[in-house]
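Here's the structure we're looking at; comments come further down.
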Protein chains: 2
Amino acid sequence: MNLQEITPAMRIADVERDTGIGKDTLRVWERRYDFPRPDRDALGERVYSADQIDRLRIIRRLLDKGMRPSKVLPLDLPALQQLLDKHSGPLHSPARHAICLSLVKLLRMHRSRELRESLNRILVQDGLQKFITDTIVPINGIIGDYWIRGELSVPEEHLYTEQVQNVIRHAIHSHAPGESAPRILFTTFPDEEHCLGILMVEAMCVAAGAHCTSLGTRIPLSDISKYASDGRYDVVALSFSAAYPSRTVTKDLTQFRELLPAKIAIWAGGGALNQKRIKLPNTTILTNIEGVPALVAHWRTGA
Amino acid sequence: MNLQEITPAMRIADVERDTGIGKDTLRVWERRYDFPRPDRDALGERVYSADQIDRLRIIRRLLDKGMRPSKVLPLDLPALQQLLDKHSGPLHSPARHAICLSLVKLLRMHRSRELRESLNRILVQDGLQKFITDTIVPINGIIGDYWIRGELSVPEEHLYTEQVQNVIRHAIHSHAPGESAPRILFTTFPDEEHCLGILMVEAMCVAAGAHCTSLGTRIPLSDISKYASDGRYDVVALSFSAAYPSRTVTKDLTQFRELLPAKIAIWAGGGALNQKRIKLPNTTILTNIEGVPALVAHWRTGA
DNA sequence: TTTTCATGTTTGTCCTGGACAAAATGCTTT
DNA sequence: AAAGCATTTTGTCCAGGACAAACATGAAAA
C-alpha cells in the first residue's frame, strides 16, 4: 500500500473547509495566477495534492497579515516560508519565549493536565492581565507558527485551545463579580468563530473591575443590538481574528454602528483590523490588547 | 424608518451560513422547484426575504428527518408547519414534558444560573444516565422546535448549549476515572461541529464505568486513526447530527473503517444515521442513546 | 510633514446553464 | 423479508463572464 492510496482525494469542497478559501476563489486564482493547479480525476474534477494544501495554508496566513494575492501566489514553498519568517519577527523577551516553548512542549506530549497546571501557576504568579499579555498572546503566536508548519495536529491544537479556555474562564469566574462601570458586552459577528480573542479581552476587562457579560460567538447583529439595549450596556466589545473575511469587516462594522444606539460605545480589535483605518462615531479600534486597561480607565474618567 | 430598511439584505452567502444549504443547491432548487425565488438587486444578484429564510429553515429540518426535496420544496409555510408537527410526535411522559418546558421557560428569561442549578438538581436526583435520556434528550427536541419557529434567539440557544455542556462536563469529571475496559475514544468527523451529541454518549459511557477520552469535534480521519492506534483504544465512538451532510455519511464511514485497524470497533450514532442501513465489519450503528449501557455491557461479555 | 482627493488596478463573489455520479426509489425475482 | 436491477432524483462540480468594492498610487491641498 503506498501513500497515495491511503491519502484521500482532496476535492475542492475539502480544500475550502481546510483552508477557509472559497471554491470560487480557488477557481479564479487558478485562472489568474496559475496556482493552485490541481490534477483532474476521470470526470475532470479538481484533485488537490497535500503540497498544494500546505502552500495554500501559508498563503492564507500571509494574506491575513495584509499581503496581496498577486505578490504571494506565484511564490514557491521556500519563498513562502521565508516571507512568513520575516513577518513573525522577534516579539518578546527571550526568557518569556523559553517559558512559552516549554509549554508548547508539554502540549506536544499531550500532557493536558500539566499544561493546565503550568498555566495556572503562571497566572497566579503574574496576575490575570500580565498572564494574558505576556504569556497567552506569545504562545498563541508560537502555536500558530507550529500549526502552519504542520508540526501540530488538529487534536493538539484543540487541546491547547480548550485548556487555555478552561484557565481563563475559571479566572474570570473567580473574580468577584465587578459591578462598577462600565457595563461591557462581549461577542463576535456571525462570520467569526474564534472565541479565544474575545475571551482574552473579557479577562482583561474583568481584571480592570468592569461589569462583563459574554454572549458567545457568531451572534447576528440584530441580536447583539437588542441585548445591548435591553441590558443597558455601555460598551459592546467585538473581536475580529485574522481569519475574519477582511473584505467585509469595514462594511460589517459600519452597518452595526448604524444598528446600535449611538450612545453605546463599540470597542473592536483583532488581527483583521490591524491595517484598516476605520473612523466611526463612538467607536474605538484597539490595535493591541495591552491597551485594554487604559481604555477602561479612560472610559471612567471621560464618560 | 421602516422594517425593510433596518433588515439587512440577505445575499446568497448569508443564506448559506444561516441555513447550512450550499449556494449551488440554492440555485439549483430555484431552477428545478421554483423555490426559493428571491428578488434581485440592481445588479441582478439574489436578495432573499426573511419569509424565504424561515421556510428554508423548516425545509432543512424536514430534509434532515429524511423527507425528499421534491416533496417539501413546493409546500407553503402552513403545510410545512403541519408536516413538522406530524414528525415531532409525542415522545415522552407528560410529567417529563412539563419539567422540560419549565426549563425552557428559565432559558427564555435568561436565568442561566438557575437553569444550571435546576439541571444539576435533576442530575443528582436521577443519576447521569437517566438525566441524559429522560431530561437532556427531550429538552434538546423542544429547544429545536422553538428554534425552528423563530421563538428562540441565537444567544438563547448558545446559553442553553453552554449550560448543558457545563453540567455534563462537570459530571464526567466528577466520576472516578474509569480504568476498566473498554477504552473508548470520542470524537466527530471534520464536517460535524455539534459537540452535544458526542458529549452525551461520553457521559453514558463514563456512567457505565468505561475508560473514556474525548478528542473534540472536527478531527481529520487520519488523526483519529492515529490516536486510536497509539492509545490502544478498543472503540472509536462517533456522532453524526441530523445536520451532517447526509449524502456523504456512508462514504465517510466506509473510508474511515478502511483507515482504522480492523480490531478497533466503531460505534456510530446520531440523527444522520437514522434511516441509513450501513453494514460494516466491527461497526455498530446506534439508533438511540438508551442503548449505550447495553452496548458497553455487551462489549465486556463478547470481547 | 501629513491629509485629502482622484485615478487606475486588483480581487472576491456572484451569475448562467450544462453535466454527471451517487443515492434513493420502485419493481421484480429469489 | 432480502437481494438484484432499472429509473428517477439530487447535490456538487465545471467554465468563463461580469462587476463593485477594496486597494495602491500619485498629485494637490492643508
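Just so it is clear: chains get the letters A, B, ... in the order the sequence lines come, proteins before strands, and each one is counted from 1. All values below were derived from every heavy atom in this structure, side-chain atoms included, with hydrogens, water molecules and symmetry-related copies excluded. Keep in mind that this is a model prediction, so the values were computed, not measured.
Distances shown here put every side-chain N or O of B:R68 at or beyond 4.0 Å from the OP1 or OP2 atom of C:dA24. Within the structure, every side-chain polar atom (N or O) of B:Y33 is placed at least 4.0 Å from both OP1 and OP2 of D:dT9. Dashed line: the shortest gap from a side-chain N or O of B:K276 to OP1 or OP2 of C:dA24 is under 4.0 Å.
In the set C:dG12, C:dC14, D:dG11, the nucleotide with an atom closest to the side chain of B:T25 is D:dG11. Which of C:dT11, C:dC14, D:dC23 sits closest to the side chain of B:E45 comes down to C:dC14. Side-chain atoms of A:R247 lie closest to C:dG12 of the nucleotides C:dT10, C:dC15, C:dG12. Candidate nucleotides D:dG11, C:dT13, D:dT9 were compared by shortest atom distance to the side chain of B:R11, and C:dT13 ranks first.
The distance from atom CH2 of B:W29 to atom P of D:dT9 is 16 Å, rounded to the nearest whole Å. Atom CG in B:D24 sits about 13 Å away from atom C1' in D:dT10, given to the nearest Å. Regarding B:L26, its CG atom lies at a distance of 10 Å from the P atom of D:dT12, rounded to whole Å. Distance CD1 (B:I12) to P (C:dC14): 7 Å, rounded to an integer number of Å. Distance A:E16 CD to C:dG12 P: 14 Å, rounded to the nearest Å. Per the geometry, CZ belonging to B:R40 stands 4 Å off P belonging to C:dT16, to the nearest Å. Spacing between atom NZ of A:K23 and atom P of C:dC15 amounts to 15 Å, rounded to whole angstrom units. Rounded to an integer number of Å, the gap from CZ of A:R46 to P of D:dC14 is 4 Å.
Closest-nucleotide positions on DNA chain C for A:L43 and B:L43 were compared, and the one nearer the 5' end corresponds to B:L43. Checking B:K71 against A:G44, the closest nucleotide of DNA chain D that is more toward the 5' end is the one next to B:K71. Along DNA chain D, the nucleotide nearest A:S246 and the nucleotide nearest B:V28 are compared for position; the residue whose nucleotide lies closer to the 5' end is B:V28.
For the pair A:T19 (side chain) and A:V15 (backbone), a donor-acceptor distance under 3.5 Å is present.
Of the charged side-chain nitrogens involved, at least one lies within less than 4.0 Å of a carboxylate oxygen, so that A:E45 and A:R11 count as a salt-bridged pair. Ion pairing of A:R218 with B:E157 is absent here, as no side-chain N (NZ or NE/NH1/NH2) approaches a carboxylate O to less than 4.0 Å. Between B:D191 and B:R247 there is no salt bridge, since no side-chain nitrogen of the basic residue lies less than 4.0 Å from a carboxylate oxygen of the acidic one.
A donor-acceptor contact under 3.5 angstrom links the side-chain atoms of B:R32 to the base of D:dG11. For C:dG17, the base has a donor-acceptor partner in the side chain of B:R31 [N/O atoms by modelled type, under 3.5 angstrom].
Cation-pi geometry between B:R55 and B:F35 is satisfied (NZ or CZ under 6.0 Å from the ring centre, within 45° of the ring normal).
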